[in-house]
J.: 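Sending over a structure as structure tokens; questions will come in a sec.
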Amino acid sequence: DRLPARAKATVPPSVWGLSHHSAGMALRFVSDAGSFKVRWAVRDSNLAMPHMPATGVSGVDVYRRTPEGWRFVKNGRPAAVTNLVDVTLAPNTECLVYLPLYNGTAMIEVGVPKGKTLATPPPRAKGITKPIVFYGTSITHGGCASRPGLAFTAVAGRMVDAPVINLGFSGSGKMEMALCDLLAEIDASVYVLDCLWNMSDELVRERA
């Protein structure tokens with residue numbers, strides 16, 4: 001979930017529902033295996049939307065670190081609630097696996113061949129440990145990216161090689177005080193606020 005359980009009592013119902021989407025969440029690891037499998041299950045059996053493909057709504061994305069930066073490897077294309085994708089890479093490659101944008105992730109597992117291991121990755125090359133926090137609308141949430149790694153928040157995170165927290169809530173980025181309080185709890189490197197598309201002039205005057 002993208003919000004703590006206690007937020008249910010303070011944020012609008014639409015925000016609370018959308019907070020169960022795993023937009024922006026990612027796994028970063030290194031493995032000495034030449035291949036691995038990613039198995040994941042989504043919360044909602046509606047894998048796609050009329051205006052957004054299943055690969056973005058409910059799929060996963062695998063990237064690898066190269067000397068030139070992060071590069072796309074493979075998309076896990078969902079066909080059911082539980083899915084599996086095989087990935088082949090050179091051993092000891094640092095990987096980044098993005099979770100679904102507009103669905104919840106009920107389970108995710110990374111499997112390696114017997115005798116191989118997964119390890120905590122080294123510190124990021126630029127040493128940035130505090131996250132970039134994005135708060136906004138459906139654009140921030142990831143609509144309507146064809147893959148999780150193509151949400152602009154994910155692209156920005158790879159460009160500067162920093163962790164990202166995505167707090168985009170489709171149609172519901174309206175700068176309520178409850179969200180302000182939650183954002184203030186995060187020790188961020190920078191905040192990016194992109195709520196205007198969901199707000200009227202009156203709400204901007206009241207809340208900005």
Side-chain angles (χ1 to χ4, degrees), residues 1-29 52 56-57 60-61 63 65 69-70 72 94 96-105 108 120-208:
D1 294 333
R2 293 185 291 154
L3 293 178
R6 55 186 162 79
K8 183 178 182 180
T10 59
V11 303
S14 61
V15 171
W16 178 247
L18 293 167
S19 75
H20 301 314
H21 293 175
S22 50
M25 294 183 180
L27 308 176
R28 191 169 67 95
F29 58 86
M52 186 173 175
V57 171
V60 298
D61 253 359
Y63 281 74
R65 187 188 289 282
W70 290 101
F72 173 69
E94 184 178 348
L96 191 59
V97 179
Y98 291 96
L99 276 57
L101 290 170
Y102 267 77
N103 206 328
T105 301
I108 185 162
T120 301
R124 292 174 184 267
K126 296 181 181 179
I128 302 173
T129 57
K130 294 183 179 181
I132 302 171
V133 177
F134 291 90
Y135 170 49
T137 68
S138 59
I139 302 168
T140 302
H141 194 140
C144 295
S146 59
R147 298 189 280 103
L150 293 181
F152 88 85
T153 55
V155 174
R158 291 194 303 276
M159 288 177 66
V160 299
D161 199 18
V164 165
I165 293 177
N166 183 326
L167 293 177
F169 301 106
S170 186
S172 301
K174 298 183 178 181
M175 298 179 72
E176 295 90 357
M177 186 56 66
L179 269 297
C180 177
D181 291 340
L182 289 165
L183 286 167
E185 295 179 12
I186 303 170
D187 187 13
S189 60
V190 64
Y191 294 96
V192 180
L193 306 181
D194 191 27
C195 293
L196 293 182
W197 314 106
N198 288 167
M199 299 178 71
S200 63
D201 292 348
E202 290 74 20
L203 285 180
V204 171
R205 281 192 290 268
E206 174 191 331
R207 297 175 179 178

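When reading the values below, keep in mind they use all heavy atoms of this one structure, side chains included, and skip hydrogens, waters and symmetry mates.
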J.: Checking S19 side chain against D1 main chain: does a donor-acceptor pair fall under 3.5 Å?
T.: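 No, because the side chain of S19 does not come within donor-acceptor range (under 3.5 Å) of the backbone of D1.
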J.: For the atom pair CD1 (I186) and CD1 (I165), what is the distance rounded to the nearest 0.5 Å?
T.: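 Answer rounded to 0.5 Å: 4.5 Å.
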J.: Applying side chain to side chain contact (heavy atoms under 4.5 Å, CB included), can you list everything that pairs with M177, at least two apart in sequence or on another chain?
T.: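 If we apply the side chain to side chain contact (heavy atoms under 4.5 Å, CB included) test to M177, skipping adjacent residues, the hits are C180, D181.
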J.: Not counting sequence neighbours, which residues clear side chain to side chain contact (heavy atoms under 4.5 Å, CB included) with A208? List them please.
T.: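 So A208 forms a side chain to side chain contact (heavy atoms under 4.5 Å, CB included) with M175, V204.
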J.: Could you measure the distance from the CG atom of L196 to the CG atom of D201? Nearest 0.5 Å is fine.
T.: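 If I round to the nearest 0.5 Å, the distance is 9.5 Å.
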J.: I'd like to know if the side chain of Y191 and the backbone of L183 have a donor-acceptor N/O pair within less than 3.5 Å.
T.: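 Yes, because the side chain of Y191 sits within donor-acceptor range (under 3.5 Å) of the backbone of L183.
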J.: May I ask you to test the V60-P100 pair for a side-chain heavy-atom distance under 4.5 Å?
T.: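 Result yes, sub-4.5 Å side-chain heavy-atom pair found.
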J.: Among residues two or more places apart or on two chains, list those pairs meeting salt bridge (charged side-chain N to carboxylate O under 4.0 Å, His left out) that have a residue in residues 154-171.
T.: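 Sorted result for residues 154-171: R65-D161, R124-D161.
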J.: Which pair of non-hydrogen atoms, one from K126 and one from V160, has the smallest distance, and what is that distance?
T.: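 Minimum heavy-atom contact is CD-O, 3.5 Å.
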J.: Test: salt bridge (charged side-chain N to carboxylate O under 4.0 Å, His left out). Region: residues 12-26. Which pairs qualify, not counting sequence neighbours?
T.: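 Non-adjacent pairs meeting salt bridge (charged side-chain N to carboxylate O under 4.0 Å, His left out): zero.
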J.: Tell me, do F134 and D194 make a side-chain contact under 4.5 Å, heavy atoms counted?
T.: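 They are not in side-chain contact.
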J.: With a 4.5 Å heavy-atom cut-off, do F169 and N198 have their side chains touching?
T.: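 The answer is no, as the side chains (C-beta and beyond) never meet within the 4.5 Å cut-off.
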J.: Decide yes or no on side-chain contact (heavy atoms from CB on, under 4.5 Å) for F72 and L150, but give the supporting numbers first.
T.: CA-CA 10 Å; F72 173 69; L150 293 181; over 6 Å; no
J.: Return all side-chain donor-acceptor pairs below 3.5 angstrom for residues 138-149, not counting sequence neighbours, or 'none' if the list is empty.
T.:
from: H141; atom 1: ND1; to: G168; atom 2: O; distance (Å): 3.2
from: H141; atom 1: ND1; to: S170; atom 2: N; distance (Å): 3.3
from: H141; atom 1: NE2; to: H21; atom 2: ND1; distance (Å): 3.2
from: H141; atom 1: NE2; to: L101; atom 2: O; distance (Å): 3.2
from: R147; atom 1: NH1; to: D61; atom 2: OD2; distance (Å): 2.7
from: R147; atom 1: NH1; to: Y63; atom 2: OH; distance (Å): 3.2

J.: How close do D187 and P131 get, heavy atom to heavy atom, and via which atoms?
T.: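 Minimum heavy-atom separation between D187 and P131: O-CD, 3.4 Å.
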J.: Could you pull out the closest heavy-atom pair between A162 and I132, with the gap in Å?
T.: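 The answer is CB-CD1, 4.0 Å.
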J.: With heavy-atom distances below 4.5 Å as the criterion, would you say the side chains of L96 and P121 are in contact?
T.: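 When only atoms from C-beta onward are counted, P121 and L96 do not touch, as no gap falls below 4.5 Å.
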J.: What are the two closest heavy atoms between L182 and R6, and how far apart are they?
T.: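 It is CD2-NH1, 3.9 Å.
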J.: Nearest 0.5 Å, please: how far is CD in E202 from CZ in R207?
T.: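 CD of E202 is found 11.5 Å from CZ of R207.
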J.: Report the residues that fulfil ring-ring contact (aromatic ring centres under 6.0 Å, His included) with W16, sequence neighbours left out, ordered by chain and then residue number.
T.: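 If we apply the ring-ring contact (aromatic ring centres under 6.0 Å, His included) test to W16, skipping adjacent residues, the hits are H20.
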J.: Ignoring hydrogens, what is the shortest heavy-atom contact between G173 and T137? Give both atom names and the distance.
T.: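 Minimum heavy-atom contact is O-CG2, 4.5 Å.
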J.: List the atom of L99, the atom of V97, and the distance in Å for their closest heavy-atom pair.
T.: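 Residues L99 and V97, closest heavy atoms: CD1-O, 3.8 Å.
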J.: A side-chain contact here means heavy atoms from C-beta on lying under 4.5 Å apart; do N166 and R2 qualify?
T.: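 They are in side-chain contact.
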J.: Could you tell me if the side chain of L179 sits less than 4.5 Å from the side chain of L167, heavy atoms only?
T.: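 With C-beta onward as the side chain, the pair stays apart.
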